[in-house]
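One structure is given here, and the rest of the page talks about it.
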Amino acid sequence: GAGVSQSPSNKVTEKGKDVELRCDPISGHTALYWYRQSLGQGLEFLIYFQGNSAPDKSGLPSDRFSAERTGGSVSTLTIQRTQQEDSAVYFCASSRSGTGRTDEQYFGPGTRLTVT
Amino acid sequence: GQQLNQSPQSMFIQEGEDVSMNCTSSSIFNTWLWYKQDPGEGPVLLIALYKAGELTSNGRLTAQFGITRKDSFLNISASIPSDVGIYFCAGIRNSGYALNFGKGTSLLVTP
């Protein structure tokens, strides 16, 4: 079946502009996660959705970052007034339920964001 | 989030050799996972460990969940060129869901 998809695959933007990153999770997965990976680093947790609600936004680095999820499916991560330190690869993952230790997270291919 | 300490940072080996990498933390994790990431792709789960002391294999890969719950290792036996990639450890805290990742071990295998 189809995996997690993300768009765009690459985004170059000027400092100060807003960007939107999109994630289509695996059909039927209720939990959705956003992570980001800076160059040479591991992935860093940003936000978790259970259905349309986001019970954990603790990883969002600043109030310029926001995310929403509609219809329990597609999610959009928005970064306002982008800064150069926002440059990273942003990954989306989804899992069946978001509960239970064996609930495996499946990752998308990522969106590479470059802020110039 | 809690950053895991992963070593070595990189490995350059010959095909057929065995590989070992490990991950440590100052905090306890209740789940340890090992992922592989190929260039331009997202991480793919290799092995998941749910119980302290657990030793689990997946083909040529073997991983163990440390008794203290603060460490884990991954072994790859008889490496082949397609093992090339970046290997990440990740941990989940009690009743959590967010993955805490190490910085990765870059593996290069020469034929």
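Just so we're clear, the structure is a prediction, and the values are computed from it rather than from any experiment. All chains are named by letter (A, B, ...) in the order of the sequence lines, taking the proteins before the strands, and each is independently numbered beginning at 1.
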- line: Residue from A:A31, A:S9, A:P109 scoring the most non-hydrogen pairs under 4.5 Å with chain B is A:P109
- prompt: Given that the side chain runs from C-beta out, which part of B:A98 has a heavy atom under 4.5 Å from chain A: side chain, backbone, both or neither?
  reply: both
- prompt: With a 4.5 angstrom heavy-atom cut-off, which part of B:Q6 approaches chain A: side chain, backbone, both or neither?
  reply: neither
query: Would you call A:D18-A:R64 a salt bridge at under 4.0 Å N-O?
result: no
query: Checking A:Q105 against chain B: side chain, backbone, both or neither under 4.5 Å from a heavy atom?
result: both
query: With only heavy atoms counted, which part of A:Y35 is less than 4.5 Å from chain B, the side chain, the backbone, both or neither?
result: side chain
message: Please check this pair: side chain of A:R96 against backbone of A:H29, looking for a donor-acceptor N/O pair closer than 3.5 Å.
response: no
- request: Could you check whether the rings of B:F65 and B:W32 sit parallel, tilted or perpendicular, using 30° and 60° as the cut-offs?
  value: perpendicular
query: Do the two ring centres, one from B:F101 and one from B:Y35, sit under 6.0 Å apart?
result: yes
field: Heavy-atom pair with the smallest gap, counting every atom of B:W34 and B:M21
entry: CZ3-CG, 3.8 Å
query: For the candidates B:I86, B:D38, B:L99, which exhibits the highest count of non-hydrogen atom pairs separated by less than 4.5 Å from chain A?
result: B:L99
